[in-house]
Amino acid sequence: VEHREVREYLPAYVNGAGLAPAEVAQHLETCDECRAELESYRELATVLRGLADVTLEPPPWLEGVVARAISERAARLAAVRAGRERLTDPRVAVPAGLAVAAGVAGALIIRGRRRQRRRSLRGRVRSALAQA
Amino acid sequence: VDVPPSVIEACKRGDPRAFEELVRLTHRRVYSVAFRLLGNPDDAADVSQETYLKLLRAIRTFRGEAKFSTWLYRVTSSVAISALRKRARRLGELSLEAEAAEELPSLIDPGREVERKELGNQIEIALRALPTGYRTVVVMKDIYGFSLEEIGKHLGITEGAAKVRLFRARQRLKDMLHEERPVRVGNPRRPRSRGTS
């Protein structure tokens with residue numbers, strides 16, 4: 001195989017021979033130039049892996065701005081969640097439910113009485129008209 | 001530095017102070033991932049802010065099956081890639097060769113024996129000179145250890161396409177570092193200094 005063909009396989013060869021033909025390995029055993037090329041890929045891979053632990057310095061304002069924004073939002077979110085949780089708490093939900101039910105019942109009773117009053121008034125008017 | 005479980009649990013409960021602590025402990029890492037994917041400091045700062053807002057909503061879904069830092073890299077990468085897509089739409093390009101570049105011929109000194117740390121610095125510069133499509137794959141796979149399947153999903157390409165991009169990106173990077181040719185980068189500004197956290 002030619003150097004050129006072997007070099008096509010080298011960027012993948014860093015992670016092992018994989019699907020590279022056996023001729024590539026044979027060539028690498030005898031060709032110093034291609035072996036050196038493979039070595040530079042290996043070195044590149046090692047340094048790249050190491051970069052995960054190297055941090056770049058962010059702009060000095062970033063930490064403060066982000067910390068403020070996120071803690072404010074977290075506080076708002078926590079307040080909303082607490083409100084929601086209070087509503088589902090049985091100690092709050094049961095009395096609140098009873099109060100709502102009592103309110104609805106009261107409104108229905110009042111409406112019923114009004115209707116009754118209106119009906120009796122209509123009856124009295126009709127009987128007065130009949131007598132007249 | 002990984003984040004103590006107590007801080008993560010407090011964040012899940014919505015404790016604002018815990019979030020401040022989380023930012024203090026992780027903002028350098030988040031910024032670094034964003035910078036390496038996006039290639040410029042302004043976009044990296046924007047993406048860092050957006051990442052934390054996403055994290056605020058998503059942290060309750062963190063189950064501790066993976067390391068927190070791995071999960072954080074995933075969230076950051078996802079926000080960064082969305083930003084890259086928006087940028088590509090804005091500029092009307094999404095090709096692998098995208099991003100016209102300026103020449104920075106003196107930043108990489110090829111053919112010289114360099115210490116590993118110096119090589120790291122040169123690689124950081126060379127990464128920024130890579131077209132976006134190549135840079136994202138090599139950063140995600142070779143620096144942060146994402147699987148090709150995961151990268152494919154993030155970028156909306158097949159695993160095979162991600163693999164081909166990775167090999168071409170490695171080839172280009174190696175060529176940039178070892179051949180005498182001008183290095184072209186999209187944005188000439190560099191981070192102010194380097195540190196660890």
Side-chain angles (χ1 to χ4, degrees), chain A residues 3-16 18-20 24 33-34 36-85, chain B residues 11 13-24 27-33 35-36 41-42 44-45 48-49 51-53 55-57 69 73 116-117 119-120 122-124 127 138-139 141-145 163 166-171 173-174 177-178 190-197:
Chain A
H3 294 298
R4 197 172 47 81
E5 289 172 62
V6 169
R7 285 174 190 190
E8 288 292 310
Y9 285 100
L10 296 185
Y13 216 88
V14 180
N15 304 117
L19 298 174
V24 174
E33 221 177 297
C34 288
E37 182 107 353
L38 177 61
E39 199 39 54
S40 47
Y41 277 113
R42 286 195 172 129
E43 189 177 19
L44 177 66
T46 307
V47 177
L48 281 169
R49 256 197 312 278
L51 288 183
D53 294 323
V54 177
T55 55
L56 305 171
E57 194 58 29
W61 53 265
L62 187 70
E63 182 188 350
V65 166
V66 173
R68 250 193 319 280
I70 197 165
S71 69
E72 278 169 18
R73 287 209 185 195
R76 276 207 299 273
L77 205 60
V80 170
R81 277 183 192 146
R84 253 187 241 147
E85 276 161 20
Chain B
C11 286
R13 290 194 302 273
D15 179 348
R17 283 201 184 152
F19 275 107
E20 281 179 25
E21 178 66 1
L22 183 76
V23 172
R24 191 185 68 76
H27 74 285
R28 286 189 176 81
R29 278 175 186 269
V30 167
Y31 177 83
S32 302
V33 176
F35 186 93
R36 285 174 182 137
D42 296 335
S48 303
Q49 295 183 68
T51 298
Y52 283 103
L53 295 179
L55 209 111
L56 177 68
R57 296 185 294 270
S69 56
Y73 292 154
R116 192 145 281 177
K117 192 178 169 192
L119 185 59
Q122 293 189 355
I123 289 175
E124 294 277 12
L127 278 173
V138 83
V139 166
K141 176 77 174 84
D142 286 348
I143 301 183
Y144 294 108
K163 193 186 273 187
L166 174 70
F167 297 157
R168 290 194 183 143
R170 284 177 181 169
Q171 206 164 7
L173 262 184
K174 198 247 345 150
L177 295 164
H178 294 276
R190 302 181 61 191
R192 291 151 65 98
S193 60
R194 298 165 67 91
T196 54
S197 73

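Per chain, numbering begins at 1; letters A, B, ... match sequence-line order. Keep in mind it's a predicted model, so treat the numbers as computed, not measured.
- Top candidate by heavy-atom pairs under 4.5 Å with chain B, chosen from Val66(A), Val14(A), Leu77(A), Val65(A), is Val66(A).
- The structure places CD1 of Ile123(B) at 5.0 Å from CG of Leu48(A), a figure rounded to the nearest 0.5 Å.
- Close approach to chain A, defined as a heavy atom under 4.5 Å from one of its heavy atoms, is seen in Gly14(B), Pro16(B), Phe19(B), Glu20(B) of residues 14-21 of chain B, taken by number.
- With hydrogens and angles ignored, the 3.5 Å screen pairs a side-chain donor or acceptor of Arg170(B) with a backbone N or O of Pro11(A).
- For Val138(B), the part lying under 4.5 angstrom from a heavy atom of chain A is the side chain only.
- Tyr73(B) pairs by the ring pair (Phe, Tyr, Trp, His ring centres under 6.0 Å) definition with Tyr144(B), not counting sequence neighbours.
- No side-chain heavy atom of Ile70(A) sits less than 4.5 Å from a side-chain heavy atom of Gln49(B).
- Considering only residues two or more places apart in sequence or on other chains, Glu37(A) meets the side chain to side chain contact (heavy atoms under 4.5 Å, CB included) condition with Arg7(A), Leu10(A), Tyr41(A), Lys174(B).
- With chain B as the partner, the residue from Ala67(A), Ala75(A), Gly50(A), Ala69(A) showing the most heavy-atom pairs under 4.5 Å is Ala67(A).
- Considering CD1 of Ile143(B) and CD of Glu124(B), their distance stands at 6.0 Å, rounded to 0.5 Å.
- When the side chain to side chain donor-acceptor pair (under 3.5 Å) test is applied to Arg73(A), no partner is found at least two apart in sequence or on another chain.
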